[in-house]
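Throughout, protein chains are lettered first and strands after them, A, B, ... in sequence-line order, and every chain is numbered starting at 1.
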Protein chains: 2
Amino acid sequence: MGTKQQITERIGSILRESKLSVTETRTRILELFMKSNGALEHSDFEKLAGQSFDRVTVYRTLQTFLDKGIIHKIPTTDTSVRYALCKSECSEHHHHDHHIHFKCEECGNTICLDETDVPQIQLPKGYAAHNVEVVVSGVCKSCK
Amino acid sequence: MGTKQQITERIGSILRESKLSVTETRTRILELFMKSNGALEHSDFEKLAGQSFDRVTVYRTLQTFLDKGIIHKIPTTDTSVRYALCKSECSEHHHHDHHIHFKCEECGNTICLDETDVPQIQLPKGYAAHNVEVVVSGVCKSCK
DNA sequence: TTTAATTTGCAACATTGTTGCAAATTTACG
DNA sequence: CGTAAATTTGCAACAATGTTGCAAATTAAA
């Protein structure tokens, strides 16, 4: 994980690479992503950070991070939107988010399984696939 | 598809099998599901049916249909929730929804691909899978 | 350090989802 | 068929979530 110093350093370079100003809100939101071992949704930021974040700023920050390829969305069957950090090989124009997601039914956590391959899907004739999203639900390592 | 008469008949038996009263709202919502060749979200009902549905009734009807296994949800990366009709073999306690979903980037439609198998996913050690959701996005037959 | 560009926070608003309750509709049953 | 019981609906009121414009604050550039 690294020292607090190193994390701050890493966050700074992520933001600078994306040509974004290094601000307190952005730094703290990225810290929360790095500390959490799973996906976060909008309401988590207000909870995790107390009253200190303005709702609007969180919405705009997450949207900016999405645009720059710093985070990605994870599909859900409810109205919440979950976000997770992209790996370092991702950038605004080049994504390597080809991994599956796992949602634990016990702890509710959603994590990215980077080691697990996305399966090939044999579609019916006439369909062209651009992207495959896989979300497996079950019981995770820690909850077993 | 069948005549209007036959559809009404079919809807009646779906509702009776689930021990639900056959009401006008429920009948019309099921009709919309049957006529549409894809998944519907909440706002579609207000659009498709003009002003005639009360918002609250639509929410409650969809929740009831979910509870009874008449419809199922489809994962999305936005805040909307998409619903589609289950096949006839589904019921409150016994689901056969093991199919993948396809979202067309052109027409925006989401459909169930019943013929296509859900892939086996090889999870890391320590994870137990109960359910696998797959959503493929790309271009559908009609838009090609 | 000063200026220009970016970001933030507030207010106000729009949309989406929920709850309680009385009126209306549907079902069950004589 | 007609009545009583059960279910469903619609309204009002509210709660939660997401959006926009704009002035003040912060950050970057010189």
Whether A/Glu105 and A/Lys144 form a salt bridge (side-chain N of Lys/Arg under 4.0 Å from carboxylate O of Asp/Glu) is what I want to check.
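Salt bridge: no.
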Do the side chains of B/Arg10 and B/Glu17 get close enough for a salt bridge, i.e. N-O under 4.0 angstrom?
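Result for this pair is no, no salt bridge flagged.
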Which nucleotide sits closest to the side chain of [X]: [options]?
X       : options               : answer
A/Val56 : C/dG17, C/dT7, D/dT19 : D/dT19
A/Thr57 : D/dT19, D/dT9, C/dT8  : C/dT8
A/Ser21 : C/dT8, C/dT7, D/dT9   : C/dT7

Nearest-Å distance for atom pair [atom1]/[atom2], residues [X] and [N]:
X       : N      : atom1 : atom2 : value
B/Asp78 : C/dG17 : CG    : P     : 11 Å
A/Asp54 : D/dA23 : CG    : P     : 17 Å
B/Arg28 : D/dT8  : CZ    : P     : 18 Å
A/Arg16 : C/dT6  : CZ    : C1'   : 16 Å
B/Ile29 : D/dT9  : CD1   : C1'   : 12 Å
A/Glu41 : D/dT17 : CD    : P     : 9 Å
B/Leu62 : C/dT16 : CG    : C1'   : 13 Å
B/Lys68 : D/dT7  : NZ    : P     : 10 Å

Could you check A/Ser80 against A/Thr23 and say which one's nearest nucleotide on DNA chain D is further toward the 5' end?
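In this pair, the answer is A/Ser80.
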Over 60° means perpendicular and under 30° means parallel, so tell me whether B/His99 and B/His72 are parallel, tilted or perpendicular.
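Rings of B/His99 and B/His72: perpendicular, over 60°.
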Taking any heavy-atom pair under 4.0 Å as a contact, classify A/Thr79: base, sugar-phosphate, or nothing.
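Since only primed, P, OP1 and OP2 atoms lie under 4.0 Å of A/Thr79, the category is sugar-phosphate.
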Within a radius of less than 6.0 Å around CD of A/Glu24, do more than 12 heavy atoms belonging to other residues, nucleotides or ligands occur?
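No.
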Closer than 3.5 angstrom, by distance alone: can the side chain of B/Arg26 be matched with the main-chain N or O of B/Ser21 as a donor-acceptor pair?
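Judged by distance alone, yes, a pair lies under 3.5 Å.
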Ignoring hydrogens and angles, answer whether the base of D/dG18 and the side-chain atoms of A/Arg60 contain a donor-acceptor pair closer than 3.5 Å.
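Checked by distance alone, the answer is no.
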Between the side-chain atoms of A/Arg55 and the base atoms of D/dG18, is any donor-acceptor pair under 3.5 Å?
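Indeed, a donor on one side and an acceptor on the other fall under 3.5 Å apart.
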